[in-house]
Every structure is written in C-alpha cells, then in structure tokens.
Amino acid sequence: METILIVDDEKNYPPLLAAVLGDEGYETLTANSGLEAIQILEGSDVDLVLTDMKMPGMDGMELMERIKTRDPDLPVLMMTAYGTVDMGMAAMEKGAYSYIWKPFQNEQLILFVKQALAMYRVVQENRLLKNELGDRYSFGNIIGKSPAMVNIFDTIVKVAPTNATVLIQGESGTGKEMVAKSIHFNSHRKDAPWVAVNCAALAESILESELFGHEKGAFTGAAAMKKGRFELADGGTLFLDEIGEISSSLQVKLLRVLQEKTFERVGGVKPIEVDIRLIAATNRDLKKEVENSAFREDLFYRLNVLPIQLPPLRERQKDIPLLVDHFLQKYASGPSGESRVRKVHPDVHRLFQEYAWPGNVRELENVIERAIILCNSDAISVNDLPRELTRSVSNTLHMEGIPVDATLYETLSMVEQAMIKRAMLMSDNVQSHAAQILGIGKSGLNQKIKKFGLDFGLKS
Ligand SMILES: Nc1ncnc2c1ncn2[C@@H]1O[C@H](COP(=O)(O)OP(=O)(O)OP(=O)(O)O)[C@@H](O)[C@H]1O
C-alpha cells in the first residue's frame, strides 16, 4: 500500500484529504507544519508528499527543498491558492511534481496523486534496474562484464546456497580461488571456517596428514595428535586448490571421504565425521587427465557435481579495461585516497588487448602494480611496461591483412610498415628508441617514415 503525507497548517484540512485518499486505498499520514512533516519523513516510508505552499515557519517551498536533498525522487505535490500560477511554476522549477489550485475537486486530486505515484514507481524501478546492472560489473571483488563472467556471477548465486561439491577449472591466475571464496562467503557457512589447502605445495605424506590429521606416534615426529584440515573446516568450506596434482593413493582416500563422509586420522582407527562443503580447483583439464588415466574417473565425477570453467583473460578482453581501472584504484591511491597515476595511455590499452596474458588476471595485476611504481606522470605509458610484454606483442606481428596475391616487394613493404608502427608504439613514439628496437639508425628510420607517409606526431 502506498503512503501519502499530507501537510497543511489549516488543522481540519489534512483529515479531510486523508479521508478522501483513504477511500482510494492509500495509507495517509498528516502534519500541520513543515517541521512536523520532516520528523514524520525521518521515521516513515512515504511515497508522496502533498503539501500546502503557504504555511507559517517552514513554508511548502522550503519543505520541498529539504525533502529533495534527502530523497530527490520523492514526488511533492503542491497545493497553492487559486490563480497563483507563478508560485506553482516556481515550485515545479525547484523540483515539485506539480501543483494544484485550492479549492479543488476530489476527482482532480485523486488523478494528480495517481499520476505522481505512477511516475514515482517508474523512477524507482529504473533505479533498481540500474543498481542491478551496476552490480553486474562486479561480484564482491570479482570484476568482469564479459558474458562469461556475468554467467559465472549467476552461477555463484545459484550454487552458493547449496552444499554441492564444486569443481573450478581454469588457467593459473584466472581467479579460481576468488570464485571459491565468493561461494563460501555467499553461503550459509559464511561465519564458519574457510580452510584452503594447496595440494601442489606439499609432499604426498605431509599432504595426507595435513588433510586428515594424525594420531600421536603415527609416524616419527608425530609427538602429539594433530587435527587435519577436514576437521578444522567442520561446519564450513574446504578448498582444495590444485587438486589435479594429488597422487593416486590420495585420490583413493579422498574418494572414500566423499562417498562415506567419514575418515580416520593417519595412524588412527576411530572414524571421524565432519560437515564440510568441498570446493576443488585445478588449472589442468581434469577430463583429459581422466582420459590419460592420470586422474580417477570416479573421483572426477564426485568432484564435478557443479563445474565452473573460468576462461583465460585473453578470451574476455572486455574485462581488461575494467580490471585495469580496478587495479589502478587498488595500487595508485596515496595515504589520503588520492591517486597519482590515474589512467593508462591509449597505446597501453591497445597493447593489453593484443597481449596473450599467459598469467591471466594475476599477471595484469602485477603489471599495473609495477607500472605505477615506474610511472613518472599521471598516465602509464608503454615504457612503464615489462619488456617481455611489449616484445611478445611485437612478436605477434602476423600476415593478416596482406592480400594473398601481393608481390614480394608489396608484402615486404607492408611488413616493414607494421614493424615500424609497432616499434613506435613500444617506444611511445620516441624515434631514437624505436630505431634501436628495429636495429637501424635514426636517420634510416626517419627516411622510411617519410617514404611510407606515416604520421606519429614525432618526438626525437
Ligand atoms: N575477476 C577478477 N577481478 C579482480 N581480481 C581478480 C580477478 N581474477 C583474479 N583476480 C586477482 O588475480 C589474482 C589471482 O587470483 P586467484 O588466486 O583467485 O587465481 P587462481 O586461478 O586461483 O590462481 P592459481 O591457479 O595460480 O591458484 C588475485 O590477486 C586476485 O585478486
């Protein structure tokens, strides 16, 4: 039910209007001064304010201005004395939805109210939609607006409330651990432990006791009983990173835990039961590992209940500028929040789109962090990037765009031009540096630039 606040200093007027609007199914609140209206607005959810213009103390205009600073969308309908067009218009200029002359017919008032509320609903819906769209560019700290990432955000929302095992696959640095954490922190287990184990970082024997714990005296050096990560994660989520690296004997043990939901500590006989949600991740293609008999098929299917595939960064180029902005904000802010380096040069953006990003988002993050330290201006330039990156892009110089029937001379000249353009890009248009990259003299480069009619807005 929508709520209308009626404000008028003529004591008997608000109850009268409240009765009329109440008959139309609206909830009403009444006030006899602007101040009283403000107090009511602070404590209630109001959808429309209907106020008299002329009131002692705070008049309708001032009341509206105060309402607008608090909630610019809330419609205010002004009641003015008959014939005061100027005042009505002035109120509308300041943000009133409309004005109505006193005295008015009930039907007239009802029509105005209906229209104002309809408009308010549309504005509210638009705002909601915009907020939803805004959220889609990130999910917590996970940034992305490419269709693949939007899909992953949707999957996280669906998967998080369940207890099902999740298998996250993707190249190193694509954000697998971030996604796993986000599933945990969006689940009902969020206040229970989040326990992560990197299966590749530990030797087989250590990994086994790390996962399942051990009893006192289970092996030389086991001076006391130690709980494993399965027990520590009880009630929460256990994240097994690099699951593709575990040995075949550990694969068998893990399968047993998943099937029977119990395990024993190393050297122990007492079965231990825990309530955990398992999320596993790997940068290997686990299905292929199964085909090559390097990973147990039965374990693969136990893990792969809800698969999430994170695409490499080179396949979601749309996300790169967003991620760049995100890391600029993360690393460039000074102690008081201001940023020295605020953007990247357009050439850098172009280069980033072409680069293959073998280390994915982690590599991009490192590149930005390093470039901010090296950068002398407010924009990161190609010179601030690692040499391997600019070199690798220049190595991708390909034959695209060269017609198949081009003669050798035409082809060579096109390749020559492409190489010059790249060298200039890599050297941020500094000709002497570009000549060095190309392994020719500066005057030789100058001649070629003139010959091909290339325009770089040159710096020497
Ligand atoms: N979509 C993203 N938005 C913001 N930061 C990201 C995103 N993806 C990855 N990162 C950042 O990249 C780095 C690597 O992420 P993460 O550790 O989750 O990757 P991973 O796939 O688990 O890597 P590995 O396979 O090497 O363990 C982290 O610092 C993380 O903050």
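Whatever order the structure lists ligands and atoms in, that order sets their numbers, starting from 1.
- Between Val367 and Leu389 the shortest heavy-atom distance is CG2-CD1, 3.9 Å.
- When hydrogens are left out, the protein atom nearest atom 20 (P) of ligand 1 is Lys176 N, 3.4 Å; that is the closest non-hydrogen contact.
- Judged by distance alone, the side chains of Thr162 and Arg277 do bring a donor and an acceptor atom under 3.5 Å apart.
- The part of Asn141 lying near ligand 1 is the backbone, judged by heavy-atom distances below 4.0 Å.
- If you check which protein heavy atom lies closest to atom 6 (C) of ligand 1, you get Met178 SD, 3.3 Å.
- Between Leu48 and Glu2 there is no side-chain heavy-atom pair separated by less than 4.5 Å.
- Aromatic pair Phe263/Phe212: ring centres closer than 6.0 Å.
- Counted by atom type alone, Asp319 and Ser146 present one or more donor-acceptor pairs between their side chains at under 3.5 Å.
- Counting only heavy atoms of the protein, atom 31 (O) of ligand 1 lies nearest to Glu365 OE1, 3.6 Å.
- Short contacts between ligand 1 and Ile143, defined as distances under 4.0 Å to a heavy atom of the residue, involve ligand atoms 1 (N), 2 (C), 3 (N), 4 (C).
- With a 4.0 Å cut-off on non-hydrogen atoms, Leu323 touches ligand 1 through its side chain and not its backbone.
- Protein heavy atom closest to atom 19 (O) of ligand 1, with residue, atom name and distance, is Gly175 N, 3.1 Å.
- Side-chain atoms of Ser209 and His214 include no donor-acceptor pair closer than 3.5 Å.
- Remark: minimum distance from atom 26 (O) of ligand 1 to any protein heavy atom is reached at Ser172 OG, 2.8 Å.
- Atom 14 (C) of ligand 1 has as its closest protein heavy atom Arg362 NH2, 3.7 Å.
- Within the 4.0 Å heavy-atom shell around ligand 1 one finds Gly173.
- Looking only at protein heavy atoms, the nearest one to atom 22 (O) of ligand 1 is Glu177 N, 3.0 Å.
- Looking at Phe153 against ligand 1, nothing comes within 4.0 Å, counting heavy atoms.
- At the shortest separation from atom 27 (O) of ligand 1 among protein heavy atoms lies Asp241 OD2, 3.3 Å.
- Within ligand 1, the atoms closer than 4.0 Å to a non-hydrogen atom of Phe327 are 5 (N), numbered from 1 in the order shown.
- Checking Glu171 against Asn283 by side-chain atom types alone, no donor-acceptor pair falls below 3.5 Å.
- Gln169 and Thr282 form no side-chain donor-acceptor contact under 3.5 Å, judged by distance and modelled atom types alone.
- Residues Val269 and Glu264 approach most closely at O-CG, 3.6 Å, considering heavy atoms.
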